[in-house]
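Structure, as structure tokens:
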Number of protein chains: 2
Amino acid sequence: MEKQNNEIDSVAENLAHIVPILKRIFIKGLRTKTNLSPQTLYTLGALSYHKKLTMSGIGNHLSVPKPHVTALVDKLIAEGLVERLSDERDRRIIYIQLTEKGKDTFKEVKRMMTESFRAELSIFDEDKIHKMYECSRYIRETLDEMAKSFQTGCCSGN
Amino acid sequence: MEKQNNEIDSVAENLAHIVPILKRIFIKGLRTKTNLSPQTLYTLGALSYHKKLTMSGIGNHLSVPKPHVTALVDKLIAEGLVERLSDERDRRIIYIQLTEKGKDTFKEVKRMMTESFRAELSIFDEDKIHKMYECSRYIRETLDEMAKSFQTGCCSGN
DNA sequence: GATAATAGTTATAATTTTGTAACCATTATT
DNA sequence: AATAATGGTTACAAAATTATAACTATTATC
């Protein structure tokens, strides 16, 4: 039990450690190449993964205050990248989903993101890359599983 | 070779996908509990790991424009968390390192960061936690290795 | 020794993100 | 039907981050 807690702490420390590195790799490289802010890019990513999200859902996924979600989505709609869908059953709810243009744009964003990363990672041998693939997938799946469970409780009015 | 490229792309996608989740887990929870901004916390983290960094070094690690590094460090010095050291050999260079108070503070920050994460992750069984530990460590080490190699080239004047 | 390059700072502005309060429309509760 | 709760928006302010240009001090180069 003690050992288990130590391992959890190490996981937390390792993951916290890589956040600024990942931000540098993926976000910074994009800033000059697109007129979308990091959060709008995350929004596209969340929509690409979940297909359809409510406004609150987006806020929860990205930990963004609800009023700001409106602004983000407004921006994306102005660019023609997402669209609103109303729920027949509950007319308060608004679903957001990617348009075709949005899907294409996100695909392109992903390509640009991957491009530089590929050069960096390809200095490693095949085994290492494969292990990185497995590890990153495992962490992604586990975090997604975790994320489903917890309500942020963040930012009042969210 | 094709397979390898596909795997690299997946790694990039997986890692990009977890960034907002990690930000939510580690950063958002801290905001109310400390008067330090995310970037100053990252700075403490980088200093805790590297022991000693130049101003430019900090900027490179966090992809922060050099002028802003000055502001971040000024803030940390005002809080008594870091100190400047001049290099005898080259008097242009200023090293930054944690003070004792800085070490203690960062330890406490890490504790707070871990606390909530522990509750989330502990719903999983021992094997899964152990695997998360191994995967996170592997990714951390690989990214650190990668990070050493690449110069950001980001932000003019950095 | 003059010139260029490097490390860091000052000053300033724009953009992005975060935080709050008040509000409308719709649905749920009583 | 009145009241409360939910989902979303509007309006506004504050904080954090990013971006530039111009500058000082020091070291490297020619």
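A, B, ... follow the sequence lines: proteins, then strands. Residue 1 opens every chain.
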What's the closest nucleotide to the [X] side chain, out of [options]?
X	options	result
R92(B)	dT17(C), dT10(D), dA5(C)	dA5(C)
V64(B)	dT18(D), dT10(D), dG8(C)	dT18(D)
D90(A)	dT18(D), dA7(C), dT26(C)	dT26(C)
T70(B)	dT10(C), dG7(D), dT18(C)	dT10(C)
M55(A)	dG8(D), dA7(C), dT18(D)	dG8(D)

> So among L143(B), L15(B), V19(B), which one has a side chain to side chain contact (heavy atoms under 4.5 Å, CB included) with I25(A)?
Replying inline: L143(B)

> Relative to the ring of H61(B), is the ring of H50(B) parallel (under 30°), tilted (30 to 60°) or perpendicular (over 60°)?
Replying inline: tilted

> Is a salt bridge present between D87(B) and R89(B), judged by a nitrogen-to-oxygen distance below 4.0 Å?
Replying inline: no

> So which heavy atom on N14(A) is nearest to which on S136(B), and how close?
Replying inline: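 So the minimum-distance heavy-atom pair works out to ND2-OG, 3.2 Å.
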
> Any idea which heavy atoms bring Q39(B) and L62(B) closest together, and the distance?
Replying inline: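 Q39(B) and L62(B) have their closest heavy atoms at O-CD1, 3.9 Å.
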
>> Go nucleotide by nucleotide along DNA chain D from the 5' end; which of E88(B) and I93(A) gets its closest nucleotide reached first?
In response: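 Checking each residue's closest nucleotide, the 5'-ward one belongs to I93(A).
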
>> Both R31(A) and R84(A) contact DNA chain D. Which one's nearest nucleotide lies toward the 5' end?
In response: R84(A)

>> Quick check on DNA chain C: between R89(A) and N35(A), whose nearest nucleotide comes earlier from the 5' end?
In response: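 This one resolves to N35(A).
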
> When the nearest nucleotide of DNA chain C is assigned to D87(A) and to L36(A) on a heavy-atom basis, which residue is associated with the more 5' position?
Replying inline: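 Taking each residue's closest nucleotide, the earlier one in sequence belongs to L36(A).
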
>> For dT17(D) and S37(B) - does any side-chain N or O of the residue sit under 4.0 Å from the phosphate oxygens OP1/OP2?
In response: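 Yes.
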
> Any donor-acceptor pair under 3.5 Å between the side chain of R91(A) and the base of dT26(C)?
Replying inline: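 Such a pair does not exist between side chain and base.
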
In whole angstrom, give the distance that lies between atom [atom1] of [X] and atom [atom2] of [N].
X	N	atom1	atom2	answer
R24(A)	dT18(D)	CZ	P	13 Å
I58(B)	dA7(C)	CD1	P	14 Å
I77(A)	dT9(D)	CD1	C1'	13 Å

>> Under the rule for side-chain contact (heavy atoms from CB on, under 4.5 Å), what residues qualify as partners of E7(B), not counting sequence neighbours?
In response: I129(A), H130(A), Y133(A), K3(B)

> Got a sec, which residues hit side-chain contact (heavy atoms from CB on, under 4.5 Å) with K75(A), two or more places apart in sequence or on another chain?
Replying inline: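 Partners of K75(A) under the side-chain contact (heavy atoms from CB on, under 4.5 Å) test: N35(A), L36(A), T40(A), E79(A).
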
If you restrict it to nitrogen or oxygen atoms, what contacts under 3.5 Å exist between nucleotides 1-4 of chain C and the protein, and what is each distance?
none

